[in-house]
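Below, all heavy atoms of this structure are taken into account, side chains as well, without hydrogens, waters or symmetry copies. Predicted model, so just to flag it, every value in this text is computed and none were measured. Read the numbers this way: they start at 1 and go in the same order the structure lists the ligands and their atoms.
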Amino acid sequence: MRNALHLIAGSLVEGGSGGFDSLNPSEPTQIVAKAPLGTDAEVALAVNAASEAFESWRKTPGPGKAERLYAWAEAIQARAAELAEAIATEVGKPIGEAKGEVGRCVAILRYYAGEPVRPSGDVIPGLANGILQYSLREPLGVVGLITPWNFPMAIPLWKAAPALAMGNTIVLKPSEHSALCAHLLAETAVAAGLKGEFNVVQGAGPAGSALVQHPDVKAISFTGSDATGAKISVACAQLNKKFQTEMGGKNVAIVLADADLAQAANLVAAGAMRFAGQKCTATSRVVVESSVSGKFIEELKKAIDGLPVGNPLEMATAVGPVINQASYDKLNAAVKQGETIHQVAAPNTGYFVSPTVLGGVGPEHDLAQNELFGPVLTYLEAGSLDEALTIANQTRFGLSASLCTRDIRAALTYIDRIQAGMVRVNADTTGVDPHAPFGGMKGSSSGTREQGAVAKDFYTQYKTVQINP
Ligand code: NAD
């Protein structure tokens with residue numbers, strides 16, 4: 001058991017009204033970390049530290065900012081094994097994927113370390129001769145980051161790295177289910193020489209809400225459920241505060257009759273079940289062309305049976321537990337709503353949920369409409385690509401999608417018509433490269449994108465300059 005602390009002005013500190021425990025979802029009697037429950041007071045201290053650091057950070061020349069971000073990447077790399085083990089223990093992510101997450105953190109920091117010296121802004125021809133007109137990107141100031149538990153290090157970093165690279169300073173409010181991961185991230189930031197530029201307030205919803213409300217926080221970048229995202233959007237709109245909300249999905253995989261069915265089954269099984277279906281991009285609906293449905297189900301059963309369920313710390317494990325009792329209860333209630341096509345046994349301890357494929361419901365059913373965030377896949381059939389696309393688009397979400405086919409014309413039709421921010425062909429719905437734009441359409445996002453060069457759009461504001469000599 002560790003103590004997970006706040007990070008304020010470069011110091012790891014206690015503070016708040018009481019505390020909370022972060023539990024091991026594989027063995028919930030085990031407390032992974034005890035953390036202080038941040039309140040308005042800790043948020044105010046952290047925002048103050050970030051405000052004080054802002055002027056000097058924004059004026060730090062590009063190479064100086066790059067040096068801190070490279071140092072942060074090195075600090076994470078140096079503790080990679082320990083950080084991956086913390087992710088596996090605290091949020092139940094299988095260790096192979098947890099190592100991948102830590103590697104992604106390093107890649108993200110190295111990518112954005114180059115950003116402060118890359119060209120930014122445009123020279124714009126003037127209406128009159130002889131004037132110089134150009135646009136500049138300026139940082140916003142103190143930015144509040146509110147993050148979920150499922151990528152407890154990568155999501156904070158895919159927000160913090162572009163924010164810092166563009167000259168902002170930060171207060172992060174991580175999930176209460178990943179307090180240790182946030183604490184360890186804070187330790188690596190300190191090791192990299194960051195002080196008030198990056199602050200962390202541990203806590204639950206009220207600490208996030210205090211961050212949104214704080215007048216010196218100029219923008220909020222949120223990732224989490226659509227229910228919380230909606231509250232944050234309303235609050236930010238009322239305060240006229242810049243915000244981005246990246247939320248859930250009901251991601252679809254379409255399998256056409258001409259697809260390599262064994263390959264398609266492996267992709268669908270991996271997308272739906274790995275990390276117990278707890279990626280925002282996890283496959284939660286599969287729409288299969290009716291003529292191959294029987295054959296595909298047989299392949300899918302084999303593929304799911306090939307994904308070991310068990311202790312996330314074991315390298316072979318593909319499916320660990322779900323995060324908490326509420327999620328465990330919700331999923332076990334949901335599986336009773338459909339007809340079981342296939343189910344794999346899971347350990348009878350902790351928050352393990354059996355990987356399950358459910359059929360017997362139509363595309364309008366709850367099982368095909370609402371995010372479950374667990375290893376439960378809803379099985380649907382369609383008579384044609386056209387019908388499959390209609391079903392695929394029939395949800396309020398639009399995060400990621402996949403199509404399995406060998407027909408390039410079908411792939412092009414799907415790319416044109418599918419309503420999703422991340423669209424994949426013969427690949428599962430998860431696993432977007434860390435330097436490519438990431439985000440959703442419709443109810444999955446407020447419309448901005450994270451990661452890659454496009455992330456700097458959120459963390460900057462334009463100034464248009466005209467000089468008449
Ligand atoms: P959540 O909405 O419960 O919590 C997210 C964060 O918001 C936490 O830090 C929480 O403490 C905070 N919070 C809760 N109430 C708040 C309030 N009123 N004001 C301010 N902050 C508040 O989500 P979760 O369970 O941690 O994460 C799972 C969800 O995240 C899923 O829906 C998943 O699809 C989504 N997600 C989306 C992406 C993406 O990029 N689109 C990535 C990962 C996860």
In the protein, which heavy atom is nearest to atom 40 (O) of ligand 1, and how far is it?
-> F438 CE2, 3.1 Å
Among protein heavy atoms, which sits nearest to atom 28 (C) of ligand 1, and what does the distance come to when rounded to 0.1 Å?
-> F373 CE2, 3.7 Å
By number and element, which atoms of ligand 1 are closer than 4.0 Å to a non-hydrogen atom of G248?
-> 32 (O), 34 (O)
If you count the atoms of ligand 1 from 1 in the order shown, which ones are under 4.0 Å from a heavy atom of T223?
-> 5 (C), 36 (N), 37 (C), 38 (C), 39 (C), 40 (O), 42 (C), 43 (C), 44 (C)
Between S444 and K250, is any side-chain donor less than 3.5 angstrom from a side-chain acceptor?
-> no
Just jot down the ligand 1 atoms closer than 4.0 angstrom to any heavy atom of F222, in number order.
-> 2 (O), 5 (C), 6 (C), 7 (O)
Going by the order shown, which atoms of ligand 1 are within less than 4.0 Å of some heavy atom of N150?
-> 43 (C), 44 (C)
Per-residue contact class, K279 against ligand 1 - non-hydrogen pairs under 4.0 Å = neither
Would you call E97-K279 a salt bridge at under 4.0 Å N-O?
-> yes
Just need the protein heavy atom nearest to atom 27 (O) of ligand 1, so name the residue and atom and give the distance.
-> P148 CB, 3.2 Å
Return the residue, atom name and 0.1 Å-rounded distance of the protein heavy atom closest to atom 23 (O) of ligand 1.
-> S225 N, 3.3 Å
Which residues pass the ring pair (Phe, Tyr, Trp, His ring centres under 6.0 Å) test with F438, sequence neighbours left out?
-> W158
Are the charged groups of R396 and D226 less than 4.0 angstrom apart, N to O?
-> yes
Which bit of I155 gets closer than 4.0 Å to ligand 1, counting heavy atoms only: side chain, backbone, both or neither?
-> side chain
Going by an N to O cut-off under 4.0 Å, is there a salt bridge joining E176 and K173?
-> yes
In ligand 1, which numbered atoms sit nearer than 4.0 Å to a non-hydrogen atom of K173?
-> 8 (C), 9 (O), 10 (C), 11 (O)
Do K456 and Y459 have side-chain heavy atoms sitting under 4.5 Å apart?
-> no
May I ask you to check whether S444 has an N/O atom sitting below 3.5 Å from an N/O atom of ligand 1?
-> no
For ligand 1, which atoms, with element, lie under 4.0 Å from some heavy atom of E246?
-> 37 (C), 39 (C), 40 (O), 41 (N)
Among all protein non-hydrogen atoms, which one is nearest to atom 39 (C) of ligand 1, and what is the separation to 0.1 Å?
-> C280 SG, 3.4 Å
Measure the distance from atom 18 (N) of ligand 1 to every protein heavy atom, then report the residue, atom name and distance (to 0.1 Å) of the closest one.
-> K231 CD, 4.0 Å
Going by the 4.0 angstrom heavy-atom rule, the piece of A204 near ligand 1 is backbone
Does a donor on one side chain sit under 3.5 Å from an acceptor on the other, for Q244 and S221?
-> yes
Heavy-atom proximity to atom 29 (C) of ligand 1 ranks first, among A210, G224, G208, S175, for G224
Does E176 approach ligand 1 within less than 4.0 angstrom via side chain, backbone, both or neither, non-hydrogen atoms only?
-> side chain
Nearest non-hydrogen protein atom to atom 41 (N) of ligand 1, with distance, is M247 O, 2.8 Å
Could you verify whether a donor N or O on one side chain and an acceptor N or O on the other, from R424 and N251, lie under 3.5 Å apart?
-> no
Of the side chain and backbone of P174, name the one, both, or neither that has a heavy atom under 4.0 Å from an atom of ligand 1.
-> backbone
Atom 32 (O) of ligand 1 - nearest protein heavy atom and its distance | E371 OE1, 2.6 Å
Would T429 and T283 count as having a side-chain donor-acceptor pair, cut-off 3.5 Å?
-> yes
Do Q343 and S354 have side-chain atoms, one donor and one acceptor, less than 3.5 Å apart?
-> no
Would you say the side-chain atoms of E197 and T169 include a donor-acceptor pair closer than 3.5 Å?
-> no
Specify side chain, backbone, both or neither for L211, according to which of its non-hydrogen atoms lie closer than 4.0 Å to ligand 1.
-> neither
Going by an N to O cut-off under 4.0 Å, is there a salt bridge joining R449 and D457?
-> no
Relative to ligand 1, is F151 under 4.0 angstrom through side chain, backbone, both or neither, heavy atoms considered?
-> neither
Is there a donor-acceptor contact under 3.5 Å linking the side chains of S445 and E246?
-> yes
When E74 is tested against each of R68, R79, R110 for salt bridge (charged side-chain N to carboxylate O under 4.0 Å, His left out), which residue passes?
-> R110
The one among I232, V212, D226, T228 that brings a heavy atom closest to atom 16 (C) of ligand 1 | T228
Taking the inter-plane angle between the rings of F373 and W149 on a 0 to 90° scale, is it parallel (under 30°), tilted (30 to 60°) or perpendicular (over 60°)?
-> perpendicular
Output yes when the distance from some N or O of ligand 1 to some N or O of W149 is under 3.5 Å, and no in every other case.
-> yes
